[in-house]
Amino acid sequence: MTIGYVVRRIGIFLLIVITAVTLNFFLPRMRATNPIESRMNQLAAQGGVYANQIQQMVKIYNQKFGLDKPLWQQYLLYWRDLLSLNLGVSLAYYPQTALDMIARSAPWTIGLLIVSTLIAFVLGTLLGALMAWPRTSRIALGLSPLFMTLSAIPYYLLGMLFIYVVAMRWRLLPVGGAYTSGVNLTLSWAMALDIGKHAILPAASIVLSSIGSWGLGMRAMMTTTLGEDYLQMAEAKGLKPQTIFRDYALRNALLPQVTSLAISLAMVMSGAVLVEVIFGYPGVGNLLFKSIAGNDYFVIQGISLFIILSIGVVLLALDLIYPLIDPRIRY
Amino acid sequence: MARKESRFVESLGRYRLLIAGAILVLLVTLFGLVGRLFVPRDMAEVGAGRPAKPPSAEHLLGTDQQGRDVLADLIYGTPTSLEIGVIAGVFGVTLGALMGLIAGYAGGIVDEVIRIIVDILLTIPSLMILIIVASMLGAVSVEAMALIIAALAWMWPARAVRAQVLTIRERMYVQVARFNGASNLRIIIGELLPNLVPYLAANLVGAISGGILASVGLSTLGLGPMTRPSLGLTFYWAITYGALIRQMWWWFMPPIIIIIILFLGLFLMSQGLDQITNPRLQSKA
């Protein structure tokens, strides 16, 4: 790994950050309407404030948030606020800050997505390896079209099917939410069981629809690996088929899969906006959906920035660590 | 004669995934195109029937909470989603192919800049950008949505084409053409493009399916065109009016089934094309 590579990679990361922040700043301002004005109009429509007061309130808020200054000054102020971790306040749930709201919903998303991504990875990789392995029984092979079909269905539609069949018709599991509503969050086995029960359906819809793509990736890698000389050598030595499968084929085909896994884990934050919305799961995706519906611009901006930054950081770390793990990679 | 036939059967076997997929996609397309000959447009409008009624002889798939005929809504909505996907896919792949050709053929600093742009855009989840852009722009038209999706669909094709160009341009026949004094443009159009067609086809199917997926997802969130029926908009209304809780299966099941047939078809087509272009996947088993 050369210094040049490291510098280039960090440069790209900084470019991503600058692009994201700049877009995040300018996109909302390209709109003809002022975010505060549209929020106020929405409130007026709901009977929250009187229409004749709106203009005055908009003026006050514009001053407060610095929206009356020239654009370049606002842009610099935006950077200053970001660097001091100030993402602004929620317009819909004032005086909560955007950062607080994101911090409260992030653990739900991270928990749900990491667990389901890992399960899908293990099952899918194993399935893919077996699909490429010539000695696999017909029964196991018969399962693969099922998972390929499932992988063609978007997560959230599978989720809708589950809600209707499992939660509504059979009444086996809760319809939505992350825990029984009205219950205070405590640290207990009963609570953990409750949270687990609520997570089964959203997790299952993510797992079932992503097993197939993990399987396809692994099958391709496994097919390549099976053609390698060291596999023939292992066979010629008379090793047991299980040993060849586990220690020679699977292990070597696994590496690119692990890279994809790391990338998927980096994307966890944005992974399942629609699943969260369908299940009313209180994660980042659902917060984004509500903020869009409520014209809550600072929260929308905060979430998008948060997601892009988290992905950028994880991918940067991955790219810098990876050459150390895999000696075959040279930059 | 017999020999010819067996070769036909053989090639049928080779293309069976592609053909099966194309048939499924065709079915969904025909559903929209033929359906409108039998069902008038205003059946898909609010108040076309009594609201929230299960299937009957009058409304074969029942009505939704606002009185739209569900069958009519799907007949007029399915083509909208297909249209967005096709426009986004064609524009995305064309742009991607162009970028990939330029990057691969020009090399040097141009290649470097294009690669950095691709790397950056691939890092940022496109659905997230689409959600943000669509929410900031407010109501978008069908065409605008297709172009926004296309603007984020060109990176994979660009990457694939660039990689192909890099290997093809060193091949003998391209060298020969160059020694014969052919211009760059002529080499690109005459020698490179024909070899890239299968890759572009596979990429196009992938981009169309990605475009449909993105457009249905955005519309389901209420961020798509609200004035023309589309599959995503049907989901949006179904979720907004609690179709799941009310157990109005005739409302949300049919669009789910259409989407499953459509994506399965596109998936089989891309697998079929992949098998043809990527001989490594043609396993001996």
- Looking only at heavy atoms, which two atoms of A:M222 and A:A249 are closest? And how far apart? CE-CB, 3.4 Å

- Query: Counting only N and O atoms by type, is there a donor-acceptor contact under 3.5 Å from the side chain of A:T109 to the main-chain atoms of A:V284?
  - Reply: yes

- Query: Among A:I263, A:I278, A:I16, who wins on heavy-atom pairs under 4.5 Å with chain B?
  - Reply: A:I16

- Across all chains, not counting sequence neighbours, the side-chain hydrogen bond (donor to acceptor under 3.5 Å, both in side chains) partners of B:S230 are none

- Message: Need one label for A:F13: side chain, backbone, both or neither, based on atoms under 4.5 Å from any heavy atom in chain B.
- Response: neither

- Out of A:I153, A:I12, A:I303, A:L157, which one racks up the most heavy-atom pairs below 4.5 Å with chain B? A:L157

- Task: Without swapping roles, check the side chain of B:T167 against the backbone of B:Q164 for a donor-acceptor pair under 3.5 Å.
- Result: yes

- Polar side-chain atom of B:T63 near backbone of B:A52 as donor-acceptor pair, under 3.5 Å: yes

- Task: Enumerate by number any residue of residues 165-173 of chain A whose heavy atoms lie under 4.5 Å from heavy atoms of chain B; in the absence of such residues, state 'none'.
- Result: A:M168, A:R169, A:R171

- Honestly, the part of B:R246 sitting under 4.5 Å from a heavy atom of chain A is neither

- Task: Any chance you could measure A:M148, atom CE, to B:L268, atom CG, to the nearest 0.5 Å?
- Result: 11.0 Å

- Item | Closest contact, heavy atoms only, A:A152 versus B:F267 | CB-CB, 4.2 Å

- Note on the structure: So, the part of A:L158 with a heavy atom under 4.5 Å from chain B: the answer is neither

- Query: Is it the side chain or the backbone of A:S291 that comes within 4.5 Å of chain B heavy atoms, both, or neither?
  - Reply: neither

- Item | Side chain / backbone / both / neither for B:L221 at chain A, heavy atoms under 4.5 Å | both

- So, B:R162 and B:D111, do they make that salt bridge, N to O below 4.0 Å? yes

- Message: Give the interface residues of residues 232-240 of chain B toward chain A, defined by a heavy-atom separation under 4.5 Å.
- Response: B:F235, B:I239

- Let me know if B:L121 has heavy atoms under 4.5 Å from chain A in its side chain, its backbone, both or neither. neither

- For atom CD1 of B:I109, is the number of surrounding heavy atoms from other residues, nucleotides or ligands below 6.0 Å larger than 12? no

- Qualifying residues under side chain to side chain contact (heavy atoms under 4.5 Å, CB included), relative to B:S270, sequence neighbours excluded: B:V205

- Atom CG in B:D64, atom CE in B:M248: separation rounded to 0.5 Å? 6.5 Å

- Note on the structure: Nearest heavy-atom approach of A:V277 to A:G285 is CG2-O, 4.3 Å

- Message: Could you measure the distance from the CG atom of A:L287 to the OH atom of A:Y281? Nearest 0.5 Å is fine.
- Response: 15.0 Å

